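Notes to accompany the following structure.
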Amino acid sequence: DGAGRQMLESTFFRSSQYLALARGAMAFMKVPDDGVIDALVIGLPINVFRDQALINHVEAKIQGLHLVPALVDKDSEGRVIPRQIHIKKVHIIPQVLGSLVEISRHTDLIQKIQGQQNLTIDVGYGTLLWLMSNGFAQMPARSNGNMGGVSSLLQKVVRSIDPNAVTSINVLERLDKALLTNSPSILVYSQEVQLAKYRGLLASAVRENLTEMIRSIGNTADVDNIFLTGGGAHLYLEEISAAFPKHKIHVSSGDTRYTNVRGFQYIAETEY
């Protein structure tokens with residue numbers, strides 16, 4: 001209804017909402033008729049991946065049998081017929097690892113980076129995550145995340161436009177789409193709002209979010225490759241390029257929202 005609350009805290013992964021969304025995703029998957037998924041890869045944000053109890057909880061919740069709606073099958077009265085899906089094996093990884101795998105594959109660097117140190121930055125809706133890795137092995141002390149995702153940027157801009165509009169998910173989505181397509185304005189309270197005057201605020205918020213990341217990474221002389229992905233990659237590219245002027249920034253091709261999941265698919269097929 002445009003007013004639903006989105007959970008962005010770490011408690012989300014223990015919530016009924018998380019399980020409901022996971023089952024909803026299963027319902028949309030083209031699962032074979034026998035309902036079996038041999039290997040399912042799940043990514044957790046780096047800032048919660050240190051919690052082994054949480055990892056165990058998610059694995060226990062997802063592995064096994066699930067009853068989901070069969071979206072195309074209905075009974076004689078038009079009611080959805082549920083179907084059973086059996087997930088045989090679950091692989092839980094740091095979320096950003098999917099992007100590292102996918103981008104390095106498509107830039108022909110997947111072999112080369114295995115002997116190098118890599119920084120992968122994932123700008124999601126709720127979080128800004130960064131993964132420092134030696135090859136594909138996470139370096140926990142230099143990897144982390146904060147709530148500097150797209151949502152926080154949208155909220156700062158909309159709050160500056162009109163504080164009362166910040167609770168409208170529809171207005172936030174309008175702004176999100178406008179920034180993605182480089183549209184010059186959005187409608188708020190039926191008034192056209194020019195976005196050019198808010199670009200400085202947006203850039204300032206991005207730099208503020210990056211400060212924690214740069215402090216966490218430390219000296220960047222040993223960073224061999226930088227990969228940027230996520231649905232908000234376009235909002236961070238300019239400031240990340242300025243923060244790392246001596247590095248080439250490899251940006252995921254295509255729709256950056258799906259880079260992680262394409263990497264997950266490759267990992268699932270490889271691990272299975």
Side-chain angles (χ1 to χ4, degrees), residues 8-15 18-19 21-23 25-26 29 31 37-64 66 85 87-107 109-146 149 213 216-217 225-233 250 252 254-272:
L8 302 177
E9 301 86 2
S10 60
T11 54
F12 169 65
F13 303 99
R14 296 183 183 272
S15 70
Y18 178 75
L19 184 58
L21 289 171
R23 287 174 172 162
M26 295 174 202
M29 292 178 186
V31 180
I37 296 177
D38 293 299
L40 180 69
V41 171
I42 292 177
L44 291 178
I46 296 166
N47 53 339
V48 302
F49 196 77
R50 298 183 182 91
D51 187 345
Q52 187 60 47
L54 176 62
I55 294 172
N56 294 342
H57 172 83
V58 172
E59 182 176 359
K61 282 289 185 181
I62 300 300
Q63 189 166 311
H66 298 270
I85 290 181
I87 298 177
K88 297 175 70 174
K89 190 173 183 180
V90 176
H91 300 283
I92 299 180
I93 63 173
Q95 181 174 309
V96 185
L97 189 60
S99 287
L100 175 58
V101 169
E102 180 66 9
I103 303 174
S104 63
R105 285 179 63 221
H106 285 275
T107 52
L109 294 173
I110 194 165
Q111 297 300 325
K112 180 180 178 181
I113 68 168
Q114 295 189 43
Q116 297 179 334
Q117 299 205 138
N118 311 291
L119 169 61
T120 309
I121 305 166
D122 182 3
V123 188
Y125 186 79
T127 54
L128 168 67
L129 305 175
W130 55 92
L131 172 72
M132 271 294 298
S133 63
N134 189 349
F136 293 107
Q138 180 184 1
M139 302 170 69
R142 301 174 72 183
S143 304
N144 210 331
N146 59 32
M213 183 192 78
S216 168
I217 295 166
N225 304 287
I226 298 178
F227 301 95
L228 174 62
T229 186
H250 300 279
S252 55
D255 194 327
T256 56
R257 293 174 298 173
Y258 303 114
T259 308
N260 264 326
V261 77
R262 289 195 294 264
F264 290 178
Q265 181 70 36
Y266 180 82
I267 292 169
E269 292 171 358
T270 304
E271 291 293 324
Y272 179 70

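The structure presented is a predicted model; accordingly, all values stated were derived computationally and were not measured.
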Nearest 0.5 Å please: distance from the [atom1] atom of [X] over to the [atom2] atom of [Y].
X      : Y      : atom1 : atom2 : result
Met213 : Ile121 : CE    : CD1   : 4.0 Å
Gln95  : Phe49  : CD    : CZ    : 11.0 Å
Leu54  : Leu44  : CG    : CG    : 6.0 Å
Ile217 : Ile226 : CD1   : CD1   : 7.5 Å

Sub-4.5 Å side-chain heavy-atom contact between [X] and [Y]:
X      : Y      : result
Leu19  : Ile62  : yes
Thr270 : His91  : no
Leu119 : Met132 : yes
Gln265 : Val261 : no
Val96  : Trp130 : no
His106 : Arg262 : no
Val31  : Met26  : no

[X]: which residues meet the ring pair (Phe, Tyr, Trp, His ring centres under 6.0 Å) condition with it, sequence neighbours left out?
X      : answer
Tyr18  : Phe12, Phe13
Phe264 : none
His250 : Phe227

Sequence neighbours left out, what passes side-chain hydrogen bond (donor to acceptor under 3.5 Å, both in side chains) with [X]? Give chain and number order.
X      : answer
Arg50  : none
Thr259 : Thr229, Ser252
Arg105 : Glu102
Asn260 : Ser99, Asp122

Apply side chain to side chain contact (heavy atoms under 4.5 Å, CB included) to [X] and list each qualifying residue two or more places apart in sequence or on a separate chain.
X      : answer
Gln52  : Ile55, Asn56
Phe136 : Leu97, Leu100, Val101, Ser104, Ile110, Ile113, Gln114
Ala53  : Arg14, Asp51

Shortest non-hydrogen separation from Pro94 to Ile46 and the atoms involved: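 In this case the closest contact between Pro94 and Ile46 is CB-CG1, 4.3 Å.
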Quick check: closest heavy atoms across Asn118 and Gly135, and the distance to 0.1 Å?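 Smallest heavy-atom distance, with atoms named: ND2-O, 3.2 Å.
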Which residue pairs satisfy the side chain to side chain donor-acceptor pair (under 3.5 Å) criterion with at least one member in residues 131-145, sequence neighbours excluded?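 Side chain to side chain donor-acceptor pair (under 3.5 Å) check on residues 131-145 returns Arg142-Asp222.
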Tell me every residue that passes salt bridge (charged side-chain N to carboxylate O under 4.0 Å, His left out) with Arg23, counting only those two or more places apart in sequence or in another chain.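 So Arg23 forms no salt bridge (charged side-chain N to carboxylate O under 4.0 Å, His left out) with any residue.
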